2 protein chains.
Amino acid sequence: MAVDLELTPKTKRAPGEPCCEPVVYPDVDRERALRMAEVAKAIGDPIRLQVVDVLRKHAGKVCVYELEPLFDVSQSTLSHHLKKLRDAGIVDSERRGLWAYYYVLPDALDELAAWLG
Amino acid sequence: MAVDLELTPKTKRAPGEPCCEPVVYPDVDRERALRMAEVAKAIGDPIRLQVVDVLRKHAGKVCVYELEPLFDVSQSTLSHHLKKLRDAGIVDSERRGLWAYYYVLPDALDELAAWLG
């Protein structure tokens, strides 16, 4: 594990005997925790989770116009959710004419899935 | 999938041809999405994710006093994080004397892990 100030134990010790056996340090270092937490936070909303579900199942790329009827939210709300997913590195889009086509980035969820599994 | 007003397609249709093939509906219904999003949101913070990592690796139950030196946050911040994890159904605790002992609830992460995997 990389040396990380945030994981360095404090020197403070409470008086008396330890109340339980010493715990192990996290296997997940701070950098990896930040990466996975960002992904988890992005899917920590039911609409965004369902959007990812649709995009993962869909073989191709999906334009916002086709996503919109699936969810009872405004187009601006949906765009806001898609931006959060893009900022977290879960989805990306490409523009063709008027439309932005969204897709889930390969491996975007793998690290979190492996840790959870 | 359960009937869910929030997943009912809107009747609004844009003029002209569809811009891409129709997408599939989410396999994940609203109720399941809410459950999994709550779990994801709770681990959507690097400290909380590392706390879960420690608790999962630890065979027994861990008291807050032993967790605290692992993270450079105050006890009240750590307690706040533990409360969020408990509210999301990921951890629970039992009190023995002065100390609260925390542990990860069995199966708490399984649904999200299965969906991600």
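Note that the structure is predicted; figures quoted are calculated from it, not measured. The figures here come from the full heavy-atom set of this structure, side chains too, leaving out hydrogens, waters and symmetry mates. In the text below, chain A, chain B and the rest are named by the order of the sequence lines, each starting its count at 1.
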Quiz item: Side chains of Tyr25(A) and Leu70(B): closer than 4.5 Å at any heavy-atom pair?
Solution: yes
Quiz prompt | Asp53(A) side chain vs Val28(B) backbone, donor-acceptor pair below 3.5 Å | solution = yes
Self-check item: Path from Val64(B) to Val51(B) over hydrophobic side-chain contacts below 4.5 Å
Solution: yes
Quiz item: If you look at every heavy atom in Ile47(B) and Arg30(A), which pair is closest and at what distance?
Solution: CD1-NH1, 3.5 Å
Quiz item: Do you reckon Val73(B) sits in the same ILVMFWY cluster as Val54(B), going by side-chain contacts under 4.5 Å, direct or chained?
Solution: yes
Quiz prompt | Heavy-atom side-chain proximity of Val52(A) to Trp115(B) below 4.5 angstrom | solution = yes
Self-check item: Greatest number of heavy atom pairs closer than 4.5 Å to chain B - which of Arg32(A), Lys41(A), Arg96(A)
Solution: Lys41(A)
Self-check item: Spacing of CG belonging to Leu112(B) relative to CG belonging to Leu49(A), to within rounding of 0.5 Å
Solution: 7.0 Å
Quiz item: For Arg56(A), is it the side chain, the backbone, both or neither that has a heavy atom under 4.5 Å from a heavy atom of chain B?
Solution: side chain
Quiz item: Say you draw a straight line from CG of Leu116(A) to CD1 of Ile43(B); how long is it, rounded to the nearest 0.5 Å?
Solution: 4.5 Å
Quiz item: Can Asp27(B) and Lys57(A) be said to form a salt bridge (charged side-chain N to carboxylate O under 4.0 Å, His left out), step by step?
Solution: CA-CA 9 Å; Asp27(B) 277 334; Lys57(A) 283 194 326 190; 3.0 Å; yes
Quiz prompt | Nearest heavy atoms of Pro46(B) and Ala33(A), plus distance in Å | solution = O-CB, 3.8 Å
Quiz item: Does Ile90(A) share a hydrophobic cluster with Leu78(A), counting links as ILVMFWY side-chain heavy atoms below 4.5 Å and allowing steps through other members?
Solution: yes
